[in-house]
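Quick note on labels: first sequence line is chain A, next is B, and so on, each numbered from 1. In this text the structure is predicted, and so the values were computed from the model without any measurement.
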Number of protein chains: 2
Amino acid sequence: MDKQTITIYDVAREASVSMATVSRVVNGNANVKPATRKKVLDVIEKLDYRPNAVARGLASKKTTTVGVIVPDVTNMYFASLARGIDDVATMYKYNIILTNSDSNGEKEVNVLNTLLSKQVDGIIFMGNEITDKLREEFKRTKTPIVFAGSVDEQNIYARVNIDYTAAVQEEVKNLIDRGNKRVAFVCGPLEQAINGQFRLKGYKQALKSAGIPYDDKLVFETDDTYKTGTLLQPALMSVNATAAMVTDDELAAGIMNGMSDAGVKVPDDFEIITSNDTKLTEMVRPKMSSITQPLYDIGAVAMRLLTKLMHNEPVDEKDVLLPYGLMKRESTK
Amino acid sequence: MDKQTITIYDVAREASVSMATVSRVVNGNANVKPATRKKVLDVIEKLDYRPNAVARGLASKKTTTVGVIVPDVTNMYFASLARGIDDVATMYKYNIILTNSDSNGEKEVNVLNTLLSKQVDGIIFMGNEITDKLREEFKRTKTPIVFAGSVDEQNIYARVNIDYTAAVQEEVKNLIDRGNKRVAFVCGPLEQAINGQFRLKGYKQALKSAGIPYDDKLVFETDDTYKTGTLLQPALMSVNATAAMVTDDELAAGIMNGMSDAGVKVPDDFEIITSNDTKLTEMVRPKMSSITQPLYDIGAVAMRLLTKLMHNEPVDEKDVLLPYGLMKRESTK
DNA sequence: CTGTTAGCGCATTCAC
DNA sequence: GTGAATGCGCTAACAG
């Protein structure tokens, strides 16, 4: 199947110049006399010539495409990051190969390898956990890698996040200050560093500052899904929790709806604060208070950082922390 | 930046065979003696050789990547389709280059051209409107194209959808049968064929069958956003509508929340039925009744169809209609 | 400012 | 069953 019929050679012949010259005008090289430039441009137009990026990639060792590994685009959180990434990529003339990993370590390794075989110029990785095997693969390549919305507890890779620990600490403190003695912490898998190390740490620090002993019965490790959230109300009640810090919006929405459906009033009887500030927080009733994160920007900044890495520009900070905030809505008092 | 150091030539030398033989084993060609195959495989393992897909693409004229043009991945509807596409693509050893177009005709044309310059083997297009300029561009390429969740009123391109007209007609009929004399039709831009030609047609047909005159005051053309939905309550009330057929879930959620916030009870005082059955429908209160579409499958089937086109296999039907249904929830009586 | 010459890494005839 | 040769379409020195 011939996708492309006319080549740089055709326009060279037609314009009575060498292919080098055609290459120059196509690549915007200044060293071309305006007259011949115009001549070439006219032929390109006339022949409807379109440079073959694959050949170009082989010759130049640059593909102007970056690989993006994401757990699931269907998750609004990641979709927002992906959008930020794509916009900035487009801005810098890159395209993205998007792959869903389902946070599956094996898939991540596979996908990384096919991305590398396709000679992507860089990689943006989103994933809550980095297996040793994956780290090994990362280490084997010189292709620049940036983590977006994903921590690297080993402090090796460039990444952009918010300060999850501080954010959680602050909001749990607020919950406590408002009189909640028993604040639950409902999170995704604790083996994921972002939960088990960063967020949980913030939770514990807030308790400690308030002089409240840590009770692991108040920690609910889940799979981050809406469905699971809807089923949590009885368990939450049974440990006498009066508020919950939740690490995912869909999960939080599930909890809240589960509470409401069981007749528990939010926020009067139970306060909920969530973490990702996706647009879902505005769509449920009551609207959910949330830690705010600049989702789109996390993706955008990560991609911008990657362009610097790809162009060998200096980067002043590998661990970029973007500002977070709190959006008070109706699920907290 | 050398992403790849060792080539097919290195393994050929190291294994004391020709590069042709290495190429054969890499590509699973049967004409290789098991012994030499093993020898080569061992060297590949030892050298950690990874075929360069770009070079392969240039030589074979196949990139095993397809371009996907989507209005916005941040929209759950499209994210679901994209997920289906990626999964099937992966299944058939393809990768996807994902690009957001914002339904902007100019961007679509640009993106299409860069996709083609990158020699993608096929394209999946999602977009509610196809400008003439875009059709022109489509026409100029031999690269297979499939529309996913996007109609082609000119009946030229392969596509997979549900029968939007029939679905809307059916649900509007139900609304009328339940006693609603004035059913509003709230949709996205009417210049988009899917709204202006398919869905609106179903709405009109339902009215006609019921002997109710068409009143264009009941048709609300919007931009499909949640925000817009929240502002629609006064207008809807002013035309004495008692129910609405809505073409987008976020839009519908906005309308519903707008109603609730204004003290209008859904579904008692106002019935709402939406169209995309994204998970949002379950998360809002009351849960929204919706036309159901197999979102993931639309993407999956579209990608499957594209593989057939790319492999020159026969396709029996260019206009694939997947089954739709109705999920009765709480926003209708 | 422009042309010539080499490859980039691999698939693919065509011989052997 | 295996190797040698050629070219995919383009960029990148290197001359001139």
[X] side chain: which of [options] is closest?
X	options	result
A/Asn27	D/dT11, D/dG3, C/dT2	D/dT11
A/Ser18	C/dT4, D/dG3, C/dG9	C/dT4
A/Asn31	D/dA13, C/dT2, C/dT12	C/dT2
A/Thr7	D/dG9, D/dG3, D/dT11	D/dG9

*With no angle test and no hydrogens, is the base of D/dG3 tied to the side chain of B/Arg24 by a donor-acceptor pair under 3.5 Å?*
yes

*Does B/Ser16 or B/Leu58 map to a spot on DNA chain D nearer the 5' end, using the closest nucleotide for each?*
B/Ser16

*State the CG-CD1 distance between A/Leu306 and A/Ile85, to the nearest 0.5 angstrom.*
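With rounding to 0.5 Å, CG (A/Leu306) is 9.0 Å from CD1 (A/Ile85).
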
Quickly work out the [X] [atom1] to [N] [atom2] distance and round it to whole Å.
X	N	atom1	atom2	result
B/Met19	C/dT12	CE	C1'	10 Å
A/Asn29	D/dC10	CG	P	17 Å
B/Ile8	C/dG7	CD1	C1'	16 Å

*Phosphate oxygens OP1/OP2 of D/dG9: is one of them under 4.0 Å from a side-chain N or O of A/Arg56?*
no

*asked:* Does D/dG1 have OP1 or OP2 under 4.0 Å away from a side-chain N or O of B/Thr36?
replied: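 Result: no.
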
Solution key, residues 68-77 of chain A side-chain donor-acceptor pairs under 3.5 Å, sequence neighbours excluded:
from    : atom 1 : to      : atom 2 : distance (Å)
A/Asp72 : OD1    : A/Thr74 : N      : 3.0
A/Asp72 : OD1    : B/Arg83 : NH1    : 3.0
A/Asn75 : OD1    : A/Tyr77 : N      : 2.8

*Thinking salt bridges, do B/Arg140 and B/Glu136 make one under a 4.0 Å N-O criterion?*
no

_Those residues that, when tested against A/Phe125, pass ring-ring contact (aromatic ring centres under 6.0 Å, His included) (two or more places apart)_ = A/Phe138, A/Phe147

